[in-house]
Protein chains: 2
Amino acid sequence: MAERVVPERQRRRRRPTRQGVVLSRQLIVDTALRLVAQHGAEALTVRRLGAALGADPSAIYRYFRNTDDLLLALADELIGRAQHGWRPTGDWRADLREIGLRIHRAYQAHPQAALLAAHRTTGRTHETRAVEAILGVLRRAGFPAPEAVRVYHAFVDQSLGFAALDAAALALPAAAQAADREVWQADYGRLPADTHPHIAATAPQLAAEMRRSGYPYALELLLEAVAARLPGPAGRAD
Amino acid sequence: MAERVVPERQRRRRRPTRQGVVLSRQLIVDTALRLVAQHGAEALTVRRLGAALGADPSAIYRYFRNTDDLLLALADELIGRAQHGWRPTGDWRADLREIGLRIHRAYQAHPQAALLAAHRTTGRTHETRAVEAILGVLRRAGFPAPEAVRVYHAFVDQSLGFAALDAAALALPAAAQAADREVWQADYGRLPADTHPHIAATAPQLAAEMRRSGYPYALELLLEAVAARLPGPAGRAD
DNA sequence: CACCTTATGACAACGTCATTGACGTGTGAA
DNA sequence: TTCACACGTCAATGACGTTGTCATAAGGTG
């Protein structure tokens, strides 16, 4: 078994499966995302993916080296969907905000997949395009290369970190998800003021706040601090 | 099978295993962390944990309902270790910085476990103590309850998000980890200036920057923005 | 010290998982 | 029309989490 996987470009014979489906990397990726969206991350197994495709599970290994290879393809697909149709407006702050929220949104749309994919560096086309776009926004804003790179790093990892964190919450089974929310209402709501005065004093706000994502606010904080560091008179000369 | 797990408090008979080990929740948690540190997250299986303990795998189910229950215990243990020995100094900014870096450090020390645990809300003792401490720092700094809660949320989730992200990188098998670093040097280093001008212009800095964690810088940005929002004359009156 | 209850460790089994080697069939080129 | 081989299928392997059952030793009781 030298190499089971044939590069997509040089595929010629496309034999349909017993159930009449013609396989391809794209079809497998799409089906995997759909599967994960419908039945959760734990439904993403080679066997079930095979069933969903109408093919023998082992057929997938003709297109992906292993499940990790498939996972990287899912990750890059998500990045691609986040970027789809985006154009810079020239307002660096609005552009960064939009990119950040798009990444977050794209991952929330497939929480189960995001959970698996957010931590990976794919180095594939969609990813490099995104990196180029963000660096472009920062450098056009007037940041010198070293600062632009530092801000890029903080910005991207903040977005991905929150995306993964929030995806994880959404990815929990419905019951566990409700239980998690309950913790803030019940558990934290009942802590006595003498042992936990600050929690007791803010319990209602806490319960309300922890229901949403902390990302939009954290993103604003980051953008604010970055703006304060822009070289030139009071943030942008032109 | 009403309930297999007996609460730790009311355990009396501690029968040693065939290999002479006396089990307990704490011993199991410690062993699990050691296992994960030595052999990676994928080594954390009930069967191998049993072997590492010198016990039959099924004995673990006398102490934890299932692997998820065990995972939450690991998560709370990590939070506890991060907090261990911390005392507020009265300087809110230094205190938050210290807490943030401690969380990050504690999780990096057990990347494999962090990866599994960072997204969970345990609601257990160590966690509530940490929440109380952070809210205390913010309220003593002068933030009114609603703002304190918002900042708390952004601060904690940013810390956990980065912790998980950076842990994921450390958690990769050594080979994949080296490959990931290589992507920035080789892959991104070779992109032509006409298709990816901004990457090409910053490639060396990019390769150097992406080698470290983006967290410390992102944390400074957050603290800076938060300081600017402190009520009172130019951030803190006293 | 002997008895009894039962907590708790051990064993065996089930169904599912990713992965792989061997097989044979239908495709597309010649 | 032929023919090589790409690729779908089959079967098997070893590891996984979890559970029902059994048996034994710990520890309270007298």
Side-chain angles (χ1 to χ4, degrees), chain A residues 1-28 31-32 35-36 39-74 116 173, chain B residues 1-28 31-32 35-36 39-74 116 173:
Chain A
M1 284 237 329
E3 179 52 271
R4 204 157 193 156
V5 177
V6 172
E8 190 74 359
R9 299 306 309 264
Q10 50 192 264
R11 285 187 181 271
R12 303 169 164 276
R13 314 192 181 168
R14 321 221 65 140
R15 153 138 77 137
T17 72
R18 172 156 301 213
Q19 300 184 37
V21 182
V22 176
L23 298 179
S24 68
R25 281 178 70 97
Q26 190 60 49
L27 176 64
I28 295 176
T31 306
L35 197 60
V36 149
H39 303 104
E42 74 282 4
L44 186 56
T45 72
V46 176
R47 300 163 114 86
R48 293 204 230 186
L49 182 51
L53 282 164
D56 187 272
S58 63
I60 292 163
Y61 291 93
R62 297 283 179 203
Y63 294 84
F64 297 94
R65 209 180 301 282
N66 49 40
T67 48
D68 194 67
D69 190 18
L70 171 59
L71 210 56
L72 285 181
L74 290 185
L116 304 173
Chain B
M1 281 237 327
E3 178 51 90
R4 204 159 194 155
V5 177
V6 171
E8 190 75 358
R9 299 305 310 264
Q10 52 192 264
R11 284 188 182 270
R12 304 170 161 275
R13 310 192 184 170
R14 322 220 64 141
R15 156 135 79 134
T17 71
R18 171 156 300 213
Q19 301 184 36
V21 182
V22 176
L23 298 179
S24 69
R25 281 178 71 96
Q26 190 60 48
L27 177 64
I28 295 176
T31 306
L35 197 60
V36 149
H39 302 105
E42 74 281 5
L44 186 56
T45 72
V46 176
R47 297 166 116 87
R48 290 205 233 187
L49 182 52
L53 283 165
D56 187 89
S58 64
I60 292 164
Y61 291 90
R62 297 284 180 202
Y63 295 84
F64 298 93
R65 209 179 302 281
N66 50 38
T67 48
D68 194 67
D69 191 18
L70 171 58
L71 210 56
L72 285 182
L74 290 185
L116 305 173

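Protein chains get the first letters and strands the later ones, always in sequence-line order, with residue 1 at the start of each. Please read all numbers here as calculations on a predicted model, not as lab measurements.
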What is the separation between atom [atom1] on [X] and atom [atom2] on [N], rounded to the nearest whole Å?
| X | N | atom1 | atom2 | answer |
| --- | --- | --- | --- | --- |
| A:L49 | C:dT19 | CG | P | 12 Å |
| A:F64 | D:dC7 | CZ | P | 14 Å |
| A:R48 | C:dA18 | CZ | P | 9 Å |
| A:L35 | C:dC17 | CG | C1' | 15 Å |
| A:L27 | D:dG8 | CG | P | 11 Å |
| B:L71 | D:dT18 | CG | P | 11 Å |
| A:I60 | C:dA18 | CD1 | C1' | 11 Å |
| A:L70 | C:dC17 | CG | P | 15 Å |

task = Supply the atom-to-atom distance A:L35 CG to A:I28 CD1, rounded to the nearest 0.5 angstrom.
result =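 With rounding to 0.5 Å, CG (A:L35) is 12.5 Å from CD1 (A:I28).
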inquiry  = Any N or O donor-acceptor pair under 3.5 Å from the base of D:dC7 to the side chain of A:T17?
reply    = no
ask   = Does a distance-only test, which skips hydrogens and angles, find a donor-acceptor pair under 3.5 Å between the side chain of A:R4 and the base of C:dG21?
value = yes
ask   = Does a side-chain heavy-atom distance below 4.5 Å link B:T17 with B:L53?
value = no
task = Could you check if a side-chain atom of B:R48 sits within less than 4.5 angstrom of a side-chain atom of B:L44, using non-hydrogen atoms only?
result =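 With C-beta onward as the side chain, the pair stays apart.
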Go through [options] for me and flag the one nearest to the [X] side chain.
| X | options | answer |
| --- | --- | --- |
| B:V46 | C:dA18, D:dT9, D:dG17 | D:dG17 |
| B:T67 | D:dT9, D:dG17, D:dT19 | D:dG17 |
| B:R18 | C:dC11, C:dT19, D:dG20 | C:dC11 |
| A:T45 | C:dT19, D:dT18, C:dC17 | C:dC17 |
| B:R47 | C:dG9, C:dA13, C:dA18 | C:dA13 |

inquiry  = With a 4.0 Å cutoff (strictly under), does any side-chain N or O of A:Y63 reach OP1 or OP2 of D:dC7?
reply    = no
request  = Respond yes when some side-chain nitrogen or oxygen of A:S58 is under 4.0 Å from OP1 or OP2 of D:dT9, and no when none is.
outcome  =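 Checking A:S58 against D:dT9: no side-chain N or O falls below 4.0 Å of OP1 or OP2.
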inquiry  = Main chain of A:V5, side chain of A:R65: is a donor-acceptor contact present, judged purely on distance under 3.5 Å?
reply    =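 Checking the backbone N and O of A:V5 against the side chain of A:R65, no donor-acceptor pair under 3.5 Å is found.
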ask   = Out of B:L71, B:L70, B:L72, which residue meets the side chain to side chain contact (heavy atoms under 4.5 Å, CB included) rule with B:F64?
value =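 Only one of B:L71, B:L70, B:L72 forms a side chain to side chain contact (heavy atoms under 4.5 Å, CB included) with B:F64, namely B:L70.
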inquiry  = Taking any heavy-atom pair under 4.0 Å as a contact, classify A:A55: base, sugar-phosphate, or nothing.
reply    = sugar-phosphate
task = Take B:L44 and A:Q19, find for each the nucleotide of DNA chain D with the closest heavy atom, and name the residue whose nucleotide sits nearer the 5' end.
result =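 Counting from the 5' end, the first nearest nucleotide belongs to A:Q19.
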remark   = Result for 5'-nearest mapping on DNA chain D, choosing between B:P57 and B:P16, is B:P57
key: B:L74 vs B:V36, side-chain contact (heavy atoms from CB on, under 4.5 Å): CA-CA, chis, key distance, verdict   = CA-CA 11 Å; B:L74 290 185; B:V36 149; 5.6 Å; no
task = With DNA chain C as reference, determine whether A:E42 or A:R62 sits nearer its 5' end, using the nearest nucleotide of each.
result = A:E42
